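To start, the structure under review is shown below, and the notes come after it.
Just so you know, these numbers come straight off a predicted model, no measurement behind them.
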Amino acid sequence: MAKSKVLIVGGTGYIGKRLVKASLAQGHQTFVLHRPEIGVDIEKVQLLLKFKEQGARLVSGSFNDHESLVNAVKLVDVVICAISGVHIRSHQILLQLKLVDAIKEAGNVKRFLPSEFGTDPARMGHALEPGRVTFDDKMVVRKAIEEAGIPFTYISANCFAGYFLGGLCQPGFIMPPRDSVVLFGDGNVKAIYVEEYDIAMYTIKSIDDPRTLNKTVYIRPPENILSQREVVQIWEKLIGKELQKSSISAEQLLSSMEGQPYEQQVGIGHYYHVCFEGCLTNFEIGEEGVEACELYPEIKYTTVEDYMKRYV
């Protein structure tokens with residue numbers, strides 16, 4: 001079967017650039033949307049040119065120009081959007097409604113993967129304010145996709161390794177400490193950590209797979225389903241030193257939101273759901289979903305221990 005042509009929207013972003021790399025590596029004809037809105041952001045322009053050198057095709061298009069989006073999606077079979085939904089960077093999830101309109105009008109797209117890649121928003125109807133906006137907006141996009149009859153795959157990739165493992169799951173830290181660490185409660189609630197390029201590889205694997213059509217793909221590497229305490233223990237083993245440990249209760253974490261900037265409040269709420277509720281691991285995957293590591297055992301994923309060796 002011929003491999004699908006892929007358009008990646010947000011290809012210069014944190015996950016987007018890895019999706020471009022993975023798409024090219026897996027032999028897909030890869031198109032990257034070049035949005036005029038990037039202006040004179042030289043680093044993004046140079047990244048786009050690097051993609052071009054590697055074999056990707058740049059396509060001009062803007063969320064402010066419906067016709068340009070329609071023309072772009074007409075070139076491909078699969079559209080993957082990776083625009084930011086993280087408030088500490090930028091939150092643009094609802095811009096995807098314009099992309100949904102373009103895909104609907106074009107009528108040729110066999111699969112759309114919207115920008116998700118984190119916690120499954122369908123399981124977060126109970127989420128706290130203000131962080132619930134992330135999940136609510138993603139559900140608005142899902143509703144539009146499904147009402148338009150667009151074939152889809154949703155990717156739930158859990159915790160990005162760089163953001164969570166780098167700081168031993170502590171908000172506001174992306175380099176691991178060597179002296180002390182603050183645990184969430186007893187530190188024993190399980191979460192799931194996935195290296196970002198692995199996320200991209202599993203995502204691209206899914207796009208031509210009939211088993212993932214109109215499903216949520218959960219990425220759950222078995223060796224990476226760990227508690228915060230277990231992550232800390234791996235780090236201690238790597239550096240040959242035991243860290244001094246203290247803890248913060250759920251009530252203390254939530255009360256710390258008061259007076260914080262909006263984007264920090266959003267992030268703290270997400271940490272609460274992951275590290276106290278265990279929202280990533282407290283359910284079994286049902287008929288609406290599939291698990292990536294089971295589908296694609298040929299992908300050798302990065303374990304938490306291997307990932308953390310870079311910090312030693």
* **For Asp198, all residues meeting side chain to side chain donor-acceptor pair (under 3.5 Å), sequence neighbours excluded** =>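 Once residues adjacent in sequence are excluded, the partners of Asp198 under the side chain to side chain donor-acceptor pair (under 3.5 Å) criterion are Thr302.
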
* Asked: With sequence neighbours excluded, what pairs up with Asp306 under the salt bridge (Lys or Arg N to Asp or Glu O under 4.0 Å) test?
  ->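 Salt bridge (Lys or Arg N to Asp or Glu O under 4.0 Å) list for Asp306, sorted by chain: Lys309.
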
* To do: Please name all residues satisfying salt bridge (Lys or Arg N to Asp or Glu O under 4.0 Å) with Glu223, sequence neighbours left out, ordered by chain then number.
  =>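 Result, salt bridge (Lys or Arg N to Asp or Glu O under 4.0 Å) vs Glu223: none returned.
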
* To do: Mind checking ring pair (Phe, Tyr, Trp, His ring centres under 6.0 Å) for Phe63 and listing every partner two or more places apart, or none if nothing turns up?
  => none

For residues 43-62, dump all side-chain donor-acceptor pairs below 3.5 Å to protein atoms at least two apart in sequence or in another chain.
residue	atom	partner	partner atom	Å
Ser62	OG	Glu37	OE2	2.4
Ser62	OG	Asn64	N	3.0

* **Pair Glu305 + Lys237: basic N to acidic O under 4.0 Å** => yes

In chain order, what residues pass the side chain to side chain contact (heavy atoms under 4.5 Å, CB included) check against [X], with sequence neighbours excluded?
| X | value |
| --- | --- |
| Pro297 | none |
| Val312 | Trp235, Leu238 |
| Asn71 | Glu67 |

* Scan residues 19-31 for pairs that pass side-chain hydrogen bond (donor to acceptor under 3.5 Å, both in side chains), counting only residues two or more places apart or in two chains. =>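 Sorted pair list: Ser23-Thr30.
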
* Asked: side-chain hydrogen bond (donor to acceptor under 3.5 Å, both in side chains): which pairs involve residues 282-293, sequence neighbours left out?
  -> Arg123-Glu288

* Would you list the pairs meeting salt bridge (Lys or Arg N to Asp or Glu O under 4.0 Å) in which at least one residue belongs to residues 182-192, sequence neighbours left out? => Lys190-Glu230

* Parallel, tilted or perpendicular: which fits the ring planes of Phe276 and Phe184, with parallel below 30° and perpendicular above 60°? -> perpendicular

* Asked: Under the 4.5 Å side-chain heavy-atom rule for ILVMFWY, direct or indirect, which residues accompany Val189?
  ->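 Members alongside Val189: none; it stands by itself.
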
